[in-house]
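These notes concern the structure reproduced below.
Letters A, B, ... are given to chains in the order of the sequence lines, protein chains preceding strands, and every chain is numbered from 1. In what follows, every heavy atom counts, from backbone to side chain, and hydrogens, waters and symmetry copies are set aside.
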4 protein chains.
Amino acid sequence: MREQENLLEELFNQDKDFTDKQKKILIAAIESFAEKGYASTSTSEIAKKAGVAEGTIFRHYKTKKELLYFIVEPMIKKVIAPFVIKDMRKVLDQEFEEFEDFLRAMITNMLLFISENKLLFRILIQEIPFQPELREIFKKHIATEVITRFSELISYYKEKGQLVDLSTRAIIRSVVSSIFGYIIARNILAPEIDWNNKEEMEQTIQFIMYGLKRK
Amino acid sequence: MREQENLLEELFNQDKDFTDKQKKILIAAIESFAEKGYASTSTSEIAKKAGVAEGTIFRHYKTKKELLYFIVEPMIKKVIAPFVIKDMRKVLDQEFEEFEDFLRAMITNMLLFISENKLLFRILIQEIPFQPELREIFKKHIATEVITRFSELISYYKEKGQLVDLSTRAIIRSVVSSIFGYIIARNILAPEIDWNNKEEMEQTIQFIMYGLKRK
Amino acid sequence: MREQENLLEELFNQDKDFTDKQKKILIAAIESFAEKGYASTSTSEIAKKAGVAEGTIFRHYKTKKELLYFIVEPMIKKVIAPFVIKDMRKVLDQEFEEFEDFLRAMITNMLLFISENKLLFRILIQEIPFQPELREIFKKHIATEVITRFSELISYYKEKGQLVDLSTRAIIRSVVSSIFGYIIARNILAPEIDWNNKEEMEQTIQFIMYGLKRK
Amino acid sequence: MREQENLLEELFNQDKDFTDKQKKILIAAIESFAEKGYASTSTSEIAKKAGVAEGTIFRHYKTKKELLYFIVEPMIKKVIAPFVIKDMRKVLDQEFEEFEDFLRAMITNMLLFISENKLLFRILIQEIPFQPELREIFKKHIATEVITRFSELISYYKEKGQLVDLSTRAIIRSVVSSIFGYIIARNILAPEIDWNNKEEMEQTIQFIMYGLKRK
DNA sequence: CATGAATGAGTTTTCATTCAT
DNA sequence: CATGAATGAAAACTCATTCAT
């Protein structure tokens, strides 16, 4: 995986219009939103952290909410969806003969992406329960796009006889739960533990493929 | 499971000192906290919803935060822990010879419990990222208590030769992820879908036990 | 005219729910709005003048605009309209045989009323150009109600052969202009002059009835 | 009346130093001030409407208030006063033998002038109550200059035996009220009505000269 | 000349909390 | 016990004005 997947840097690089102060505002906002949540973060606090006058924030983002969306939308829109889709293309192009190979590639990608964008990811999952509009965008882009593609893919491997006879929905849910379970445990519940990424990942794949029952 | 597992009712029943107004305050607070989050819910809003004067809230709970803890602590303290522990005793008392039987009992219990306490559950998982003190309590009671017991239990079934050779941590994580994945999908992500509880549960157990790989 | 026509006192008397602070807020707001205009008066200024915390204002009036409307609406709604209408009834009840008698009564009433409610009157005419909603209310209550009644009355005296052959609209406009011309000169343009009310009024009536041309 | 009486155009013509941007700023400011009032118009709004950067406004006018004065002063100073005085000279030069002729000429002039400068006129009468400095200028130029001249003129016609025996002040007030009553009704209160200018004017003159009493 | 980012003081409004009744 | 008026600190947001480019 050569590409730099840090969304914020990508944003700063591709759009040269960002003032130095503007960048500082974004960084400060991201840190505070991730730590204390959108609702408990005051604009004066962001301003102080960014070393900027409070008015400056509102020069760039009409409202505090606009600032949140500006931070969180790219995470959903421009990235997550195509990100997953990329891997799916490879599958259909026979790049992954075995489902397990696909799984390994996808997990690797997701872990890398999320570890590069930890704070953005935290904000996203923390705010989705409270921001109906955000939830809508999320549903449209994830629930619709990703689930559709993922379903096709599951069907593909099912037809190849590689997968057990569970409903596609249950399979997707199980895979996603297992992956996000790991991500959340690692990044949110117990970030202080020194995780052995490689092994945990391998065990997760093991679990997804073979379950817990000893043969 | 004969017992009524609705925490709020239980609370109201066992403690006769609750005024009518006090109950209304709790119900209103729970609804609002679940829907908009603790930080975005104002006490005046709760008062209005409860049909109570603003001051009345503070007669019963010194601060807004105390109100939150009052709501959320029983969920953690008095209930979750013993709840799980109860089942574990049964295991150790040879009630569940097979891990799968234990799993089935535990999932059934949890689903019932959470469907009875949907709002409390939402509040809990939504606020944990923002309330460090809550997180501490949670960690102490879940991470410590439950994980310890659960680990013993996993070891027990491992020794009986029923479980695959993954690290205990990975097993716990996988099981918990799979269950919570279902609960969250059902109750938070897509509550509008008409879920076939029984079948989804069975498929989840199936997945946990046997994985996705076709033999 | 026995009746007390001070709108504010009337309001305070009839509605016993007014707190002392609430009255002070209204008085302070009226003074400031009259002097500097709605837009240039800050709520903090009103609070200071009323000897009240700024929050107290918003306890009683959700927004600054609501405070303005609360002050200015009674002036339009409950008072001006019926005020004029009262006199009109007397006309139709043959109380005023001559148009001039009616005119004298109406002018006396208006002058009294406005001198009792100088500040409210100032606010009203100063803000009408800027508050479209206010303008709407004003139009509905004055333009519709009053003009209709006034038209009937003019027709009545026209039929009696007492009035010159100008369009009803022009007559109304002329009478109203003459009266308001005096009121505004007296109360807004040159309040420092010591006006001889009685004589000025008589001259105004003289002008309205006989014009400027010497016979 | 051959002369172009549009103050703004006159200003732009005589002073060639006006940049295109400067003109746009003035036009935008005039529109906004007239519509929403000086206090409720923000400089950023003017800048946006003028298609100009915020700073550009302050390049030309040190403060927002200076911009207002720049707009409104010519209306008072350079124009109103000499405008009326011009007619008065003609009177004294025996151009108008009858007061009615003078009246007709003056009203025609004023209506034309105001219809050419509607927005400026609106701003002037709307802001006078709020801008003490403006009120001073106005008083000095109108109250002093115009009233003095007008008084002489009234005395002149009085001596000629053409005018009724009212105080000069009452006469001035009545004439001015009648004219402004029409102007305000036409331009501010009910601009949507399709006024028959010629006839309304004639009726106004009729009223001023002969009053309402049928002979 | 023109720009527009930046400012900081000020504005309206919200809110948890207190307290006299 | 309950009320709701009152508070004041802080929140979000606005705005005239400055200044480096």
### Summary
In this structure, CG of A:Asn117 is separated from CD of A:Glu9 (nearest 0.5 Å) by 9.5 Å

### Task
Give, for atom CG of B:Leu120 and atom CZ of B:Arg122, the distance between the pair rounded to the nearest 0.5 Å.
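Here the rounded value is 12.0 Å.
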
### Under-4.0 Å salt bridge between B:Arg135 and B:Glu127
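So B:Arg135 does not pair with B:Glu127 through a salt bridge.
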
### Task
State whether the number of non-hydrogen atoms from other residues, nucleotides or ligands found under 6.0 Å of D:Lys23 atom NZ is greater than 12.
yes

### Message
Return whichever of A:Gly51 or D:Arg59 has its heavy-atom-nearest nucleotide of DNA chain E closer to the 5' end.
### Response
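Here D:Arg59 is the residue nearer the 5' end.
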
Nearest-Å distance, [atom1] ([X]) to [atom2] ([N])?
X	N	atom1	atom2	answer
B:Ile57	E:dT18	CD1	P	13 Å
A:Lys21	F:dT21	NZ	P	13 Å
D:Ile25	E:dG4	CD1	C1'	14 Å
A:Tyr61	F:dT14	OH	P	16 Å
A:Lys24	E:dA5	NZ	P	17 Å
C:Ile46	F:dA6	CD1	P	16 Å
B:Lys48	E:dC15	NZ	C1'	12 Å
B:Asp20	F:dT3	CG	P	11 Å

### Task
State whether C:Thr19 places a side-chain N or O below 4.0 Å from either non-bridging phosphate oxygen (OP1 or OP2) of F:dA6.
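Indeed, a polar side-chain atom of C:Thr19 lies that close.
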
### Task
Compare side-chain N and O positions of B:His60 against OP1 and OP2 of F:dA2 and report whether any pair is under 4.0 Å apart.
yes

### Query
Pairing of DNA chain F as dot-bracket, 5' to 3': ( ) intra-strand, [ ] crossing, | other strand, . unpaired, with Watson-Crick or G-U pairs under 3.5 Å?
.||||||||||||||||||||

### Query
Would a line drawn from the ring center of D:Tyr38 to the ring center of D:Phe130 be shorter than 6.0 Å?
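That pair fails the under 6.0 Å test.
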
### Task
Could you point out which residue of B:Leu67, B:Thr19, B:Leu26 forms a side-chain contact (heavy atoms from CB on, under 4.5 Å) with B:His60?
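When side-chain contact (heavy atoms from CB on, under 4.5 Å) is applied between B:His60 and each of B:Leu67, B:Thr19, B:Leu26, only B:Thr19 qualifies.
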
### Query
Pick from A:Glu31, A:Lys36, A:Lys49: which one makes a side-chain contact (heavy atoms from CB on, under 4.5 Å) with A:Thr41?
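It is A:Lys36, the one option of A:Glu31, A:Lys36, A:Lys49 that forms the side-chain contact (heavy atoms from CB on, under 4.5 Å) with A:Thr41.
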
### Task
State which residues pass side-chain hydrogen bond (donor to acceptor under 3.5 Å, both in side chains) with A:Thr63; sequence neighbours excluded, sorted by chain then number.
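Counting only residues at least two positions away or on another chain, A:Thr63 forms no side-chain hydrogen bond (donor to acceptor under 3.5 Å, both in side chains).
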
Shorter than 3.5 Å, N or O on both sides, protein versus nucleotides 10-13 of chain E: list them out with atom names.
unit_1 : atom_1 : unit_2  : atom_2 : d
E:dT12 : OP1    : C:Thr41 : O      : 3.4
E:dT12 : OP1    : C:Lys64 : NZ     : 2.8
E:dT12 : OP2    : C:Thr43 : N      : 2.6
E:dT12 : OP2    : C:Thr43 : OG1    : 3.0
E:dT13 : OP2    : C:Lys64 : N      : 2.8

### Task
For the residue pair B:Ser44 and B:Glu54, confirm or rule out a side-chain donor-acceptor distance under 3.5 Å.
no

### Task
Report the residue (C:Gln22 or B:Ala53) whose heavy-atom-nearest nucleotide on DNA chain F is the more 5′ of the two.
B:Ala53

### Whole-angstrom distance between E:dC1 and F:dT21, as gauged at atom C1'
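Per the computed distance, 13 Å lies between those C1' atoms.
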
